[in-house]
Number of protein chains: 2
Amino acid sequence: MVAAKRPTIRDVAEAAGVSKSLAALVFSTEGGVSPDRREKVLEAAKKLGYTPNQWARSLRSGSGSFVGILLNDLHNPLLIQIADLTRKILLERGQQSFISAAVITEKNGKRIVDPSSIHSLLDLRPKALVIVGGLPDLKPFKQIPDTIPVIVASSQASSLPNATIVRADDHEALRLLVRHLIELGHSKIAYVGPTDSENSIARRDAYLSSMEFFGLGDLAVTQLADRFEDRGYAAAKLLLQGANPPTAIVAFNDNIAFGVQSAVQELVAAGRNPVAVTGFDNTFVAELGMVSLTSIEQEKEAIAMKIAEILTTPDGVEDYRGQEIKLMPRLIARKSTFRI
Amino acid sequence: MVAAKRPTIRDVAEAAGVSKSLAALVFSTEGGVSPDRREKVLEAAKKLGYTPNQWARSLRSGSGSFVGILLNDLHNPLLIQIADLTRKILLERGQQSFISAAVITEKNGKRIVDPSSIHSLLDLRPKALVIVGGLPDLKPFKQIPDTIPVIVASSQASSLPNATIVRADDHEALRLLVRHLIELGHSKIAYVGPTDSENSIARRDAYLSSMEFFGLGDLAVTQLADRFEDRGYAAAKLLLQGANPPTAIVAFNDNIAFGVQSAVQELVAAGRNPVAVTGFDNTFVAELGMVSLTSIEQEKEAIAMKIAEILTTPDGVEDYRGQEIKLMPRLIARKSTFRI
DNA sequence: GTGAAAGCGCTAACAG
DNA sequence: CTGTTAGCGCTTTCAC
């Protein structure tokens, strides 16, 4: 709260005794200005605390020099970590980025999209856009002009045919989970999760085909649950109180798994045998000693690194346009899974 | 990915057969345009999918019509919730907002401030700025010009004398916690937390004065711990393995409390008596059945509501300038605290 | 190498 | 009520 107003290029030019355009040249090009004048301008800029207004810049030049990052769910620690890592790597490589969120999550977990914030970010004219995480429906992003490349992280995006997709291989992840449980002696392995999006349907299908793959197709059971803890809790109760209950439950994500864990914990307190539980995303909560949830690490660093690489390589965005990059997931075993 | 380019006011004007300025008038004022022409313009706008570019608008008019929200830690669920709630209420009241983050949190928890993103948001010329959450040092925000009002949520901000502060009353919160534990029969109540910021020092002091207030001043013990789970774990180990260990531990926040809980859990597994644990912030993790942590609810909705009220009331920002608004916190008792 | 002038998309102060 | 004009902060021809 100090300067009444940011200094403009004009202020700098005046202080340096040159024209506005010359001062501008100093900040936008390498050469073209005589060393002594360049020096003078930089000095004046420093004294005044001048930084170019990048928005005015992108307004004039049609496209800015920054990458826009759009976070689709502030409440999902996985997405936050991917976004933060991406930002950090880009920063290290000298690539400016600007992060924003288009989605407001309500207390009940309903996500409302604010289309004007998508507009707003686009109006800033990013040179590329990174969309982190999925939505039940990615249609709001169809308004993105073809001229700006899009990278989608950790989600499918069939409605965005030109986008580059970087995400973990769900089929491989589910195979890891099912195999892990089988190795621990389980066979009655159930699945709990939503089917409200491309992502969630694909993951459930991956569960089914993994069960099939390991010869357990007949034992496959799926139970619907929205992506929140209490829904996982309810779904698990349903499964475990039914006839022929599973000995292991694979949850769509960590959040749902936490609910499943609560349900299991209650039943154990009532004298029942424990049930193995697995999550997905390996959020920081899964790691907590009190929770200790076996989960799937989506290799957030690798995802972030890949995104940064695409964005900072010449022609990177061109080369990967429309492609889907699947990264190997990793299983993190914790106390929630055990030998039967 | 459809339109090659966003339509401008010119395109609309042309399509409607009027001048650019007349078309502009339709979007910026209520009256001043004849009904039939207004109709024509709106129709053309709809057909072309035109939306005003608000950044060009704020560039020209010196100040935009939106409120900037700056999130200081994407990894703190409390701050996210406050930000999201604020956004939602503002949206309902027709007040545009634009959210961004100036801080990148590294894996080890270190927070690095990207000053250029503060610049960037300021260059957008928000009509007001909401800073959600604190930092070890709020100095990077000193660059905010006096002309734009600042509201700080859930943090102190003595370095920003003109800012309005909306936060929970820490003294009251600590009084609630200590009293709760005393009522459960505890007296050896220790405190674990950092002292790396105004906030954290104030909270520790609030603990000390609460202990004093209840006549337990001689039993007060504080143990330093950075704001991360593993630091809480280590600090708790230290406390509990020392001579005359506490029967209850008050943690600076939920995150640290989770670590404390892990340490307690381990000792219980080894045959020791359980120790009561309390957190602060009532994040969604505290609520999980596996965790069930007694915590302090900062009344996020009340905070968000107050912020929205200040921002949407005429002269609201003026009336509250430089003031600190303390809201009553609420204790949420869960299984982590019990009768001794 | 340097400066003048035009213009990004918009608004605000004018004149018709 | 309508249209013209100038200009936000910047870049980018284009002459000098």
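What's counted below: heavy atoms across the whole structure, side chains too, no hydrogens, waters or symmetry copies. Nothing here was measured: the structure is a model prediction, and the numbers come from that model. Chain letters run A, B, ... following the sequence lines, proteins first and then strands; every chain starts at 1.
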Q | Lys/Arg N to Asp/Glu carboxylate O, B:E92 vs B:K88, below 4.0 Å | A | yes

Between CG of B:D123 and P of D:dC10 the distance, given in whole Å, is 8 Å

A:R125 has its side chain closest, among C:dC8, D:dG9, C:dT11, to C:dC8

Judged by nearest nucleotide, the residue sitting upstream toward the 5' end of DNA chain D, B:S61 or B:G17, is B:G17

Rounded to whole Å, CD of A:E14 lies from P of D:dG9 at a distance of 13 Å

Of B:A56 and A:K20, the one whose nearest nucleotide on DNA chain D sits closer to the 5' end is B:A56

Please classify the nucleic acid contact of A:R10 as base, sugar-phosphate, or nothing, using heavy-atom distances under 4.0 Å. base

B:R57 atom CZ is separated from D:dG7 atom C1', nearest whole Å, by 17 Å

Is the A:F66 ring parallel, tilted or perpendicular to the A:W55 ring (thresholds 30°, 60°)?
perpendicular

A:L22 atom CG is separated from D:dT11 atom P, nearest whole Å, by 13 Å

Quiz item: Take atom NZ in B:K40; do more than 12 heavy atoms of anything else shown fall under 6.0 Å from it?
Solution: no

A:R60 atom CZ is separated from D:dC10 atom P, nearest whole Å, by 14 Å

To the nearest angstrom, the CG-C1' distance between B:L59 and D:dT11 comes to 13 Å

Atom CG of A:L25 and atom C1' of D:dT13 are separated, to the nearest Å, by 11 Å

Salt bridge between A:E43 and A:K46, side-chain N to carboxylate O under 4.0 Å? no

From CH2 of B:W55 across to P of C:dT11 the rounded distance in Å is 14 Å

